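Since this is a predicted model, take the numbers as computed values, not measurements. Atoms within a ligand are numbered from 1 in the order they appear, just like the ligands themselves.
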Amino acid sequence: MSKNINWDDLSFAITPTDVMYRSVCGSDGNWDAGEYLPYGNISISPAAGVLNYGQGLFEGLKALRTKDNKIVLFRPIENGKRLEEGAKRICMPPFPVDRFVEVAKEIVKRNADYVPPYGKGSLYLRPCLWGTGAILGVAPAPEYTFMVYVSPVGPYFKTGFKPIKLVVTREFQRAAGRGTGNVKYIGNYAGTMYPAKKVKADGYNECIYLDAKNEKYIEEVGAANFFCIKGNKLMTPALGSILPGITRKSVLQIAKDKLGMEVVECPVSVDDALAADEAFCSGTAAVISSIGNIVVDGKEKVYCGGEVGPITRKLYDMLTKLQLCEESDPYGWVVEVK
Ligand SMILES: *Cc1c(COP(=O)(O)O)cnc(C)c1O
């Protein structure tokens with residue numbers, strides 16, 4: 001590792017790397033051969049569909065260095081499939097899933113010097129699909145760009161696995177029932193910045209969004225999926241207007257297979273959450289974040305005395321170890337970059 005990076009100073013911020021990837025799809029609907037380019041600014045029409053009408057999707061996944069110095073990705077095919085699904089909804093040509101996985105591996109290989117040492121974080125991959133053709137009326141753009149850039153990022157929990165504090169927002173909603181909440185659509189995100197800023201000013205880490213129709217069921221925690229545990233039962237909001245997290249899917253699988261839990265995807269009411277023994281949320285960046293307390297309508301629920309719950313810790317340990325080839329992976333989720 002030759003790069004002049006202080007691995008202990010990394011946070012979740014962009015650090016320029018050597019290589020990025022770009023492929024373009026013209027109005028004939030065919031993706032070109034694609035190219036690996038030096039990382040840097042790109043040139044785009046001011047009339048690009050992505051800039052004017054938000055025709056864009058993103059993905060996020062990580063490459064990790066294992067103890068024995070291998071570099072691995074976690075379920076990249078799932079990110080490829082999710083981008084493909086999202087492309088349909090936002091009216092963009094899908095980027096082929098097999099090529100997506102190939103590019104994910106190759107971009108990591110070409111930036112391997114930026115994959116942090118074992119335990120110091122990860123190389124975060126950001127695949128994007130944008131309508132880059134110029135278009136004036138509200139309609140699909142005549143040209144699309146698939147891009148992948150990467151950045152080393154620090155470990156999410158630098159000072160240990162600490163529970164977070166959340167508040168249920170009744171002031172804001174994230175997604176309408178049959179809107180675009182279930183795709184990693186760029187337009188879903190700017191609208192969550194103001195609510196997050198507001199609750200952070202009040203001392204919370206994030207807010208919990210309720211479903212827009214009934215304002216009764218938990219949807220998500222910012223950009224992470226919600227879970228709660230009651231006895232041997234693991235509950236999480238059913239798919240619909242929530243983002244189908246790959247970490248969510250993985251947690252459900254290992255809770256069932258490795259811990260023998262009863263896993264239930266169903267509407268999870270605020271009351272269900274308040275009656276639970278443990279709660280946590282999941283996403284690529286942190287994998288699992290333990291929830292220490294939730295405030296709802298001025299009342300506070302504290303889980304496990306504000307400490308990390310035992311099952312939450314077990315799931316975190318199992319999944320993070322599986323991702324590093326330190327726990328059995330009967331699923332073939334871990335993909336080595338060679
Ligand atoms: C990306 C994302 C998640 C988590 O998905 P992972 O695939 O687990 O990273 C959850 N909610 C939202 C809104 C997201 O954008």
**OP:** Check the angle between the aromatic planes of W31 and F95 and answer parallel, tilted or perpendicular using the 30° and 60° thresholds.
**Re:** perpendicular
**OP:** Taking only heavy atoms of G283 into account, list the atoms of ligand 1 that are under 4.0 Å away from them.
**Re:** 4 (C), 8 (O), 9 (O)
**OP:** Considering only non-hydrogen protein atoms, determine which one is nearest to atom 14 (C) of ligand 1 and report residue, atom name and distance to 0.1 Å.
**Re:** K184 NZ, 3.0 Å
Original post:
Within less than 4.0 angstrom of ligand 1, does G60 place any heavy atom?
Top reply: no
Subject >> Atoms in ligand 1 with a heavy atom of R82 nearer than 4.0 Å >> reply: 5 (O), 6 (P), 7 (O)
**OP:** Kindly assign one of parallel, tilted or perpendicular to the pair F280 and F227, based on the angle between their ring planes and the thresholds 30° and 60°.
**Re:** parallel
**OP:** Given side-chain contact (heavy atoms from CB on, under 4.5 Å), test L324 with Y118 step by step and report yes or no.
**Re:** CA-CA 9 Å; L324 287 164; Y118 174 74; 4.1 Å; yes
Subject >> Contact check: T247 vs ligand 1, nitrogen or oxygen atoms, below 3.5 angstrom >> reply: yes
**OP:** Before giving the answer on side-chain contact (heavy atoms from CB on, under 4.5 Å), spell out for I44 and V50 the whole-Å C-alpha distance, their side-chain angles and the decisive distance to 0.1 Å.
**Re:** CA-CA 10 Å; I44 193 171; V50 64; 4.0 Å; yes
**OP:** May I have the step-by-step check of side-chain contact (heavy atoms from CB on, under 4.5 Å) for K105 and K109, ending in yes or no?
**Re:** CA-CA 6 Å; K105 289 196 233 173; K109 219 156 94 181; over 6 Å; no
**OP:** Starting from atom 11 (N) of ligand 1, find the nearest protein heavy-atom neighbour and note its residue, name and distance.
**Re:** E220 OE1, 2.5 Å
Subject >> Nearest neighbour in protein (non-hydrogen) for atom 3 (C) of ligand 1 >> reply: A223 O, 3.4 Å
Subject >> Geometric cation-pi criterion R89 and Y185, 6.0 Å radius, 45° cone >> reply: no
Original post:
Which one holds for A285 and ligand 1: side chain close, backbone close, both close, or neither close, with close meaning a heavy atom under 4.0 Å?
Top reply: neither
Original post:
What atoms of ligand 1 come within less than 4.0 Å of a heavy atom belonging to R174?
Top reply: 13 (C)
Original post:
Of the protein's non-hydrogen atoms, which lies at the shortest distance from atom 9 (O) of ligand 1, and what is that distance?
Top reply: T284 OG1, 2.6 Å
Subject >> Atom pair CD1 (I90) and OH (Y53), whose distance is rounded to the nearest 0.5 Å >> reply: 15.5 Å
**OP:** Check whether any side-chain heavy atom of V24 sits under 4.5 Å from a side-chain heavy atom of T132, and report yes or no.
**Re:** no
Original post:
Please walk me through it: do V296 and K301 pass side-chain contact (heavy atoms from CB on, under 4.5 Å)?
Top reply: CA-CA 8 Å; V296 189; K301 160 78 185 185; over 6 Å; no
Original post:
Atoms of ligand 1 less than 4.0 Å from Y189 heavy atoms?
Top reply: 13 (C), 14 (C), 15 (O)
Subject >> Under 4.0 Å to a heavy atom of G245 - the qualifying atoms of ligand 1, by number >> reply: 5 (O), 6 (P), 7 (O), 8 (O)
Original post:
Do any nitrogen or oxygen atoms of I246 lie less than 3.5 angstrom from nitrogen or oxygen atoms of ligand 1?
Top reply: yes
